[in-house]
Amino acid sequence: MKRSCRINLSRMRKSVSLAPLSLGLAGIFLSGCADNRDDAQLFTSIDDCTNGYPGLRDVCTTTYQQALKDAEETGPKYDTEYDCEYDFGPNQCREENTIFGSFYMPLMAGYLVGNMVSRRPFYQPMYTSYSRYSPLRNRWFTPDGLDLGDIRKRNFKVKRSIFDKRPFNTSTLKRGGFGQMAKSSSSYRPSSRGWGG
Amino acid sequence: MFKIPTQERSHWRSLAHEYGFHFHTMYGEPYWDESAYYQFSLAQIENDLEAPTQEIHQMCLHIVDKVVNNEVLLEKLAIPSAYWQSIADSWHAKDPSLYSRLDFSYDGKSPAKLLENNADTPTSLYETGFWQWLWLEQKVDTGGLSRGADQFNSLQEKLIAQLAKIARHYQTDFMHVTCCKDTVEDRGTIQYLQDCAAEARIYTEFVFVEDIGLNEHLQLTDLNDQPISLCFKLYPWEFMQREEFGQYAVNQDIKWVEPLWKSVLSNKGLLALLWESFEGHPNLLPAYFASDIENIAKAKTAKAIADLSLNNKWVRKPLYSREGANISILENLVDTCQPQEQSLEQSQNARAKKRETRARQKTVLHESDGPYGEEGFVYQAYHPLPKFGDNHTLIGSWLVDNKAAGISLREDKDLITQDLSRFVPHVIL
């Protein structure tokens with residue numbers, strides 16, 4: 001056969017037709033290809049990470065440090081030690097001087113890394129609670145409180161949005177350094193056509 | 001190779017809507033046309049198109065290897081010198097390419113002749129890889145075509161596999177994709193690549209070319225200020241190389257699909273370089289740099305005289321040109337093997353006057369409008385596209401990962417296939 005054997009039609013479909021095409025619809029549900037979640041691993045320390053990925057010491061270290069830095073910004077903040085320990089358990093909090101002021105904050109219990117084997121790893125500080133008053137006791141959760149499951153769990157399937165803040169952000173200074181040539185040539189082409197050949 | 005009229009699928013327009021094929025009709029003119037299809041034999045496909053496509057591709061790679069270390073040739077191709085080193089680096093690093101499309105004139109009988117190589121930003125990808133595939137599947141399913149009908153079209157399958165390979169090469173599963181604003185067709189092509197990337201388990205983020213930014217580390221960024229590290233672009237390298245951010249597009253932190261070395265192949269000067277290296281190849285047409293024609297004529301080599309006088313008609317193509325813009329078909333280009341432009345400029349003596357008279361005999365038979373040509377031209381021997389009914393038919397032959405991946409057929413009433421030509425499906429039977 002000289003043509004593609006199989007094409008995932010559900011992936012290609014952009015809207016449901018107004019015409020009754022019940023056959024076509026079935027594909028959407030039969031296909032398992034709609035899973036757009038990332039594999040992510042949870043580590044409790046740099047060593048925990050390098051044990052699993054000895055070749056990725058740099059990734060383990062950088063993501064840990066970045067997560068720690070993020071935790072300062074995005075982690076839960078309390079005015080009193082009592083309030084913090086109420087949610088996180090005894091000896092789980094300490095006073096931090098952050099750029100926002102002085103607060104009691106829970107210790108980062110681990111960090112979640114996605115896209116591990118890539119140039120762009122994603123990371124997120126993770127928390128757990130040892131407080132018997134907390135519904136999140138022995139659960140992993142993100143700084144904004146999203147419950148990812150039991151504390152024994154290490155491998156996750158997560159949506160990219162879990163990582164919320166992306167790595168190594170700096171602000172953009174200027175835009176518009178591309179596209180002038182297309183603009184200056186555009187009087188010669190119908191506007192909906194592009195630069196393909 | 002026949003053209004066979006056939007019934008349109010009654011629901012194809014609603015199907016197009018459903019699948020997001022929004023540019024099947026443009027300016028009230030049909031672009032997708034399924035009122036007929038072309039039929040090829042397997043031998044025609046395999047011997048006359050598939051094999052030459054792969055062979056020419058290898059010849060092209062040979063040319064790249066020759067050009068990247070040769071300043072004279074880089075100069076001739078009008079590639080800005082600021083990019084020479086980066087082009088060589090990209091070639092030596094074997095930065096992977098996704099795809100190319102070779103355009104052929106082929107009538108089913110005589111050898112297919114290469115008209116050009118769209119190596120940087122080839123389009124009509126979606127129509128080829130997906131839409132004509134779906135047409136065939138449905139025509140066969142509804143009994144409109146024999147069960148034995150096949151199509152030369154493994155494009156989508158190969159694109160997905162090659163995208164996965166590229167992602168592995170750069171050790172990532174994330175890539176930016178970009179095209180210009182206000183182009184329904186390009187955005188559609190990008191969407192198709194995003195779908196293929198998703199099948200290859202690669203995440204994509206879209207940004208318009210015009211919205212790309214620059215941060216304090218001199219990295220290019222998207223609208224969320226994310227640095228761009230791997231990017232598929234549907235925007236020509238020759239534009240990027242002449243724009244403000246071009247210099248930042250070639251630093252070590254960023255990789256592109258198509259890679260930078262493709263700017264050697266997407267240049268029409270390639271046609272002249274191919275002819276120089278592989279003169280007489282059955283799938284090539286004689287071609288020369290405009291700037292060389294005079295020298296060749298002066299040298300009066302047997303080859304040059306044969307080429308220049310045997311071929312009565314020539315096609316003049318700008319080094320940089322897309323969608324058939326700025327192409328002229330000329331007759332009596334040379335007479336005493338002297339190009340008319342030079343002789344007009346240098347008409348100081350009687351001989352020149354004589355030549356001028358001759359030059360006036362040169363006839364522009366056909367010309368297409370457009371913005372290109374500043375950087376120079378090549379002349380390629382005229383080889384008419386075969387005619388089926390009122391239409392001239394052009395075959396685009398796709399390459400993915402060095403393998404021939406399928407064909408697309410475009411029809412135009414005009415001699416020069418331009419961007420409003422129609423796309424017609426094909427079968428192998």
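By convention in this document, chain letters (A, B, ...) are assigned in the order of the sequence lines, proteins followed by strands, and residues within each chain are numbered from 1.
Heavy atoms from other residues, nucleotides or ligands lying under 6.0 Å from OH of A/Tyr127 number more than 12. By the 6.0 Å contact criterion, CG on A/Asp79 is open, its count of non-hydrogen atoms from other residues, nucleotides or ligands being 12 or less.
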inquiry  = Between B/Glu244 and A/Lys174, does the side chain to side chain contact (heavy atoms under 4.5 Å, CB included) criterion hold? Intermediate values first, please.
reply    = CA-CA 11 Å; B/Glu244 188 190 346; A/Lys174 63 191 293 195; 2.3 Å; yes

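Here CZ of A/Arg3 is found 11.0 Å from CD of B/Gln132. Values are rounded to the nearest 0.5 Å. With values rounded to the nearest 0.5 angstrom, B/Thr178 atom OG1 is found 9.0 Å from A/Phe178 atom CZ. Interatomic distance, OH of B/Tyr203 versus CG of A/Asn115, reported as 7.5 Å (0.5 Å rounding). In this structure, A/Ile7 CD1 and B/Glu137 CD are separated by 7.5 Å, a value rounded to the nearest 0.5 Å. We find the CE-CD distance between A/Met12 and B/Glu199 to be 8.5 Å, quoted to the nearest 0.5 Å. Note: B/Lys158 NZ to A/Ser4 OG = 8.0 Å, rounded to the nearest 0.5 Å.
The most heavy-atom pairs under 4.5 Å with chain A, out of B/Gln156, B/Gln191, B/Glu210, come from B/Gln156. Among B/Tyr126, B/Trp133, B/Phe152, B/Tyr192, the residue with the largest count of heavy-atom pairs under 4.5 Å with chain A is B/Trp133. Residue with the most contacts toward chain A among B/Ala167, B/Ala405, B/Ser229: B/Ser229 (heavy-atom pairs, distance under 4.5 Å).
Checking side-chain atoms of A/Gln180 against main-chain N and O of B/Glu243 turns up no donor-acceptor pair under 3.5 Å.
Salt-bridge check for A/Lys2 with B/Glu46: passed, with a basic side-chain N closer than 4.0 Å to an acidic carboxylate O. Residues B/Asp222 and A/Arg175 are not paired through a salt bridge, judged by the lack of any N-O separation under 4.0 Å between the basic side chain and the carboxylate. A salt bridge does not link A/Lys14 with B/Glu18: every distance from a Lys NZ or Arg NE/NH1/NH2 to an Asp or Glu carboxylate oxygen is 4.0 Å or more.
Only the side chain of B/Ile428 comes within contact range of chain A, with heavy atoms under 4.5 Å apart. In this structure, no portion of B/Leu230 lies under 4.5 Å from any heavy atom of chain A. Only the side chain of B/Leu134 comes within less than 4.5 Å of a heavy atom of chain A; its backbone N, CA, C and O stay farther away. Only the side chain of B/Leu136 comes within contact range of chain A, with heavy atoms under 4.5 Å apart. If you measure heavy-atom distances from B/Asn117 to chain A, you find no contacts under 4.5 Å at all. With a threshold of 4.5 angstrom between heavy atoms, B/Ala149 approaches chain A through N, CA, C or O but not through any side-chain atom.
In terms of the ring-ring contact (aromatic ring centres under 6.0 Å, His included) criterion, residue partners of B/Phe40 (sequence neighbours excluded) are, by chain and number, B/His426.
Here the closest non-hydrogen pair linking A/Leu9 and B/Phe130 is CD2-CE1, 3.7 Å.
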